[in-house]
Amino acid sequence: MTTDREPFHAAVTGVGMVTAAGTGVKAAWDRLCEGGRTAAGPVPELAGLPARFGCAVEDFDPVRAVGRRKAWRLDRCSQFAVAAAAEALADAGLDPSGWDGARVGVVLGSGIGGAATWEKQHHVLLEQGPTKVSSLLIPMLAVNMAAGYVAMECGARGPNLVTATACASGTTAIGTARELLRSGACDIVITGGTEACMIPSIISGFSQMGALSGRDDPQAASRPFDVDRDGFVPAEGAAVLVLEREADARARGARIRARVSGYGASADAHNATAPDPEGAGAELALRAALADAGLGPADVDHVNAHGTSTPLNDLAEARLIRRVFGERPAVTSVKGVVGHALGAAGAIEAVATALTLEHGFIPPTANLERQDPKIEIDVVAGTGRTAPVEVAVSNSFGFGGQNAVLLLSRA
Amino acid sequence: MNDVYDRLVGLLTRGFGIEPDEVSTETTFNELEMDSLALVELGLAAQDEFGVKIEDDDIRSSDSIGQAAEAIAAKAVSIG
């Protein structure tokens, strides 16, 4: 399949991560490569609820991330984004004091925004009345604020937005960021996703949908593609990538970890929460990403799957992979380790995919003990796999039937 | 007044990321990077602490902590 446009490569020159598997890219990547069990445990805020565990970020220090004078006025989702962006910019070797901020964009994905602030202030409203509600409710709650705060921290005055496509938000953000480079609107885009909503109302909502695992052992509950999978494990976190046009990155001598070389998006137009069982909508996005990169299915070595560990998603996604690629690509889902960080998931997985391309190492899918016999694809399990990977795709599918797929290639 | 000032500094340290050794009666809220919304929040906290109603223009960013303490003390007296 070909495209009438020249392939466009956005260089990934910096990455940052805040995840339950670790804060900082090195800690998180090392933990992903180990596989093993899920970085999950009981979440104090969820005590007493039917769904009481998740993948929480336990080693995160907001004061260290944003400073003590600001920490109290940013919701946790914005704190995560600011921390991951700072790591990514340092990793890229970019100094915000020396750049033309008008050429720097910020595009982050978030499913829900500052939900913890909203829930807390709703209690204040009910218990103490409207005149006690925080004046910071709106700037802490609004879903766009994470990108706003990242811009304030580094003087990025270019296009600034947050994409909301549920569990595909981070992937949508990165695809959108690449378009801002391709169109010439920006020279640098800080992109990724953030989510921090492990609070009673949101988690109860997911639980009531039947979307969450009902297993007793938190560390064995996220088990993508396993025959005994029964739902996802909620997570929080953020991941940020710094993207530049490849020629610009090479001209300044930047280290390029990988390239974002294709993007496709689509809608199932099928059901609010259930995926199209044949994955027809997801296939549109996948094929669009291939076409955008000017590549065909045979070029793809690796799939970083959405792989949520829900019965429906994993089967529909596996069928899609099998139908489009056959048995060839090695597939993994990092959600076995980090859980499902919703609007941040696609960004966490894009960073993992970039590092897979850079290091030639595919992290294993945690807790995959017995692969579902209906899932006829090559899933990396147990220990990770050393393999030269030239081209990889990263899938993300959101409630609402929103699908987004990135194609990354080795630099 | 000194008691009110000390308790106001206590609020700033507990909820607003301010260290006791970086403030004096002369320090303004601007110098502490506290904008109008931060002062609304401080007003809510002060209302609970001192039992007085703080209006929007009672404490401004250009005021010093000493001035704010005086304003609160005056309100407390007028109520008492």
Side-chain angles (χ1 to χ4, degrees), chain A residues 60-83 86 96-97 113-114 116-155 196, chain B residues 5-66 68-69 71-72 75-76 78-79:
Chain A
F60 182 74
D61 179 357
V63 169
R64 188 159 164 249
V66 298
R68 60 187 157 78
R69 288 186 182 180
K70 285 186 207 146
W72 66 274
R73 54 188 297 166
L74 270 65
D75 183 86
R76 189 167 168 87
C77 70
S78 290
Q79 294 172 351
F80 284 171
V82 167
S97 67
T117 299
W118 195 357
E119 188 172 84
K120 186 176 162 197
Q121 291 301 317
H122 190 238
H123 284 295
V124 172
L125 173 71
L126 296 179
E127 288 156 18
Q128 302 175 50
T131 60
K132 296 288 189 179
V133 169
S134 172
S135 66
L136 292 167
L137 168 61
I138 302 304
M140 292 177 80
L141 158 69
V143 75
N144 62 303
M145 288 305 293
Y149 278 116
V150 167
M152 285 175 239
E153 287 298 310
C154 64
Chain B
Y5 171 80
D6 289 342
R7 285 160 69 192
L8 189 56
V9 172
L11 290 181
L12 291 168
T13 352
R14 286 198 299 278
F16 297 85
I18 305 297
E19 298 284 345
D21 62 3
E22 65 184 345
V23 297
S24 71
T25 53
E26 308 297 313
T27 311
T28 67
F29 294 106
N30 272 332
E31 289 165 345
L32 299 174
E33 301 173 84
M34 291 183 68
D35 61 11
S36 61
L37 293 188
L39 293 181
V40 174
E41 296 306 292
L42 180 63
L44 288 174
Q47 211 160 301
D48 290 341
E49 173 76 17
F50 301 105
V52 297
K53 177 114 181 88
I54 312 282
E55 307 288 350
D56 275 359
D57 51 0
D58 285 340
I59 307 176
R60 296 188 195 84
S61 289
S62 56
D63 289 348
S64 69
I65 301 176
I72 293 167
K75 282 192 177 244
S78 69
I79 287 172

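Nothing here was measured: the structure is a model prediction, and the numbers come from that model. Computed from heavy atoms alone, side chains included, the values below leave out hydrogens, waters and symmetry copies. Here is how names work: the chains are called A, B, and so on, in the same order as the sequence lines, proteins then strands, and each is numbered from 1.
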Is the count of non-hydrogen atoms from other residues, nucleotides or ligands lying under 6.0 Å from R7(B) atom CZ greater than 12?
yes
Taking every non-hydrogen atom, the tightest pair across G15(B) and W72(A):
O-CG, 3.5 Å
Heavy-atom neighbours of D48(B) CG exceed 12 at 6.0 Å:
yes
Please give me the minimum heavy-atom distance between L44(B) and K132(A), naming the atom from each residue.
CD1-O, 3.9 Å
The interface call for V133(A) against chain B, heavy-atom contacts under 4.5 Å, is backbone
Flag the pair E19(B) and R68(A) as a salt bridge only when some basic side-chain nitrogen lies within less than 4.0 angstrom of an acidic carboxylate oxygen.
yes
Within residues 140-154 of chain A, which positions have a heavy-atom distance to chain B below 4.5 Å?
none
So CG of L136(A) and CG of D35(B): to nearest 0.5 Å the spacing works out to 7.5 Å
Quick check against the 3.5 Å criterion: does E41(B) have a side-chain atom that pairs as donor or acceptor with the backbone of S135(A)?
yes
Shortest non-hydrogen contact from E31(B) to R69(A)?
O-NH1, 3.3 Å
